[in-house]
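Below is one structure, written out as C-alpha cells, with a few remarks after it.
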Amino acid sequence: MKRLKQDKQKEIMDTALQLFLEKGYEKTSIKDITEKMNIAAGLFHYYFDSKEDVLIKCALLNSEILTEELKLETFFEGKGNAVEKINLLMSQVLHNVAERNKIIKDTTKISETLLLDRIMYITLDIIIKKLVEFIEEGNQEQIFDCPYPQQTAELFVYGLERLFRKEKERNECSKDMLLNEYFLQNQNKFAKMFRNLVCMKGNYYFQFDEK
C-alpha cells in the first residue's frame, strides 16, 4: 500500500514537472496536471497541498537522487585525507548538479527562481553537512586548525552563494549563469579562500575541479 502511494505521488510529480517544462510553472494549473493524468482534483490534493508543494517535492526528490548517486555515506571511504575528500566532494557534487540543471536551464520556460533555487539550496545543505565532517577530520589529521567547522562551512558556502547573487545583479552577461558554473569559473579563487578559512597547514592544496 505504501509503495502504491509512493508510485502515485511520483507519477503526479513527473507529470507536473513535464508540464512545468513545457508550459512554464506560472501557466501550469492543477487542473492541467489532473486532466493530463485523468485523475480527480481530490486525488491530487490527497498527495499535495498546492502546485508549489509539488515543485518543492520535485526539488527534494532531486536531492535524494543526488545523495543516492554520490552514496554520501560511503562514497568517500578510503579516498585519502580530508583535503582529497573535499576536492572530491566539490568536484562530484558540482558536476552532478551541472548535468541535472542543464536540462532545466536549457528549457527557458521553467521558472528558474523557483525550481533551480529549491534544488540549489538543498544541494548547498548537502555540501555543508559533508564539509563540516571533513573539516573535523582535517583537524584530527592536523591538516587544518579550524576551531569552528560548522560556522566555517556555512560561511564558505553561503558566502559563495551571496557572491554569486551579486555577480548576477551587476553583470548582465551572468544573468543566466548557474551557481555551479560560477563556482567552476572561479574555483582557484575559492580554493584559496577556503584554504584560509580552515587555516590550512603544510603543503596541501584544494583543487575542486578534479573530475
Side-chain angles (χ1 to χ4, degrees), residues 56 59-102 104-105 115-171 174 177-211:
I56 294 169
L60 289 171
L61 179 62
N62 182 282
S63 172
E64 291 171 4
I65 292 171
L66 173 62
T67 303
E68 177 61 27
E69 287 176 351
L70 292 175
K71 297 182 175 62
L72 287 178
E73 298 305 320
T74 59
F75 185 78
F76 300 94
E77 289 182 3
K79 293 299 193 296
N81 62 33
V83 175
E84 293 167 322
K85 289 178 181 177
I86 290 172
N87 284 335
L88 184 61
L89 169 71
M90 301 306 287
S91 174
Q92 292 294 323
V93 171
L94 289 165
H95 278 94
N96 185 294
V97 172
E99 290 302 310
R100 196 174 301 284
N101 285 359
K102 186 176 184 297
I104 299 171
K105 183 185 176 185
L115 185 56
L116 288 180
D117 279 1
R118 296 287 186 185
I119 293 172
M120 182 182 71
Y121 281 111
I122 291 167
T123 304
L124 295 185
D125 284 341
I126 292 173
I127 294 173
I128 288 172
K129 178 182 177 182
K130 298 305 290 187
L131 278 181
V132 171
E133 178 183 329
F134 296 148
I135 292 171
E136 291 173 344
E137 188 174 314
N139 283 340
Q140 294 172 1
E141 294 170 338
Q142 297 186 342
I143 296 173
F144 308 148
D145 184 17
C146 182
Y148 305 108
Q150 180 72 41
Q151 292 85 346
T152 298
E154 291 178 354
L155 181 64
F156 176 69
V157 173
Y158 288 125
L160 167 64
E161 191 273 337
R162 178 58 181 156
L163 289 171
F164 167 66
R165 292 294 180 190
K166 290 180 70 175
E167 175 66 21
K168 293 186 67 164
E169 289 171 3
R170 66 171 174 253
N171 189 345
S174 301
M177 185 183 294
L178 299 178
L179 178 61
N180 58 282
E181 294 170 334
Y182 174 70
F183 180 89
L184 292 173
Q185 286 181 14
N186 297 276
Q187 61 175 296
N188 291 334
K189 177 174 67 176
F190 294 134
K192 291 177 182 178
M193 181 191 304
F194 193 60
R195 176 186 171 90
N196 291 332
L197 283 172
V198 297
C199 302
M200 181 89 80
K201 298 178 179 180
N203 296 320
Y204 295 99
Y205 298 93
F206 292 117
Q207 185 178 349
F208 294 139
D209 189 11
E210 293 196 332
K211 188 173 174 62

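Across all their heavy atoms, V157 and I127 have their closest contact at CG2-CG2, 4.0 Å. Closest approach of M200 and F144 over heavy atoms only: SD-CE2, 3.5 Å.
For the atom pair OG1 of T152 and CG of L131, the computed distance is 10.0 Å after rounding to the nearest 0.5 Å. In this structure, CG in N87 is found 12.5 Å from NZ in K85, a value given to the nearest 0.5 Å. Between the CD atom of Q185 and the CZ atom of F164 there is a distance of 10.0 Å, given to the nearest 0.5 Å. How far CG of L184 is from CE of M90: 9.0 Å, rounded to the nearest 0.5 Å. Put simply, CD on E84 and CD1 on I143 are 8.0 Å apart, with the number rounded to the nearest 0.5 Å. A distance of 11.5 Å separates CZ in F190 from CG in L197, rounded to the nearest 0.5 Å.
I86 places none of its side-chain heavy atoms less than 4.5 Å from the side chain of K130.
Salt-bridge check for K129 with E133: failed, with every basic side-chain N at 4.0 Å or more from each acidic carboxylate O.
In this structure a side-chain-to-backbone donor-acceptor pair under 3.5 Å is present from N186 to Y182. Although no hydrogens or angles enter the test, the distance criterion places a donor-acceptor pair under 3.5 Å between the side chain of E141 and the main chain of A82.
In this structure, F194 and F156 have tilted ring planes: the angle between them lies in the 30° to 60° band.
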Steps toward side chain to side chain contact (heavy atoms under 4.5 Å, CB included) verdict (N81, E137): CA-CA 8 Å; N81 62 33; E137 188 174 314; 5.9 Å; no
Chi angles and distances behind the side chain to side chain contact (heavy atoms under 4.5 Å, CB included) call for F134, V83: CA-CA 8 Å; F134 296 148; V83 175; over 6 Å; no
Worked verdict on V198 versus F206 for side chain to side chain contact (heavy atoms under 4.5 Å, CB included): CA-CA 11 Å; V198 297; F206 292 117; 4.2 Å; yes
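Annotation: side chain to side chain donor-acceptor pair (under 3.5 Å) contacts involving residues 188-201, sequence neighbours excluded, are absent.
Partners of E136 by salt bridge (Lys or Arg N to Asp or Glu O under 4.0 Å), not counting sequence neighbours: none found. Shown here are the side-chain hydrogen bond (donor to acceptor under 3.5 Å, both in side chains) partners of D125, two or more places apart in sequence or in another chain: Y158.
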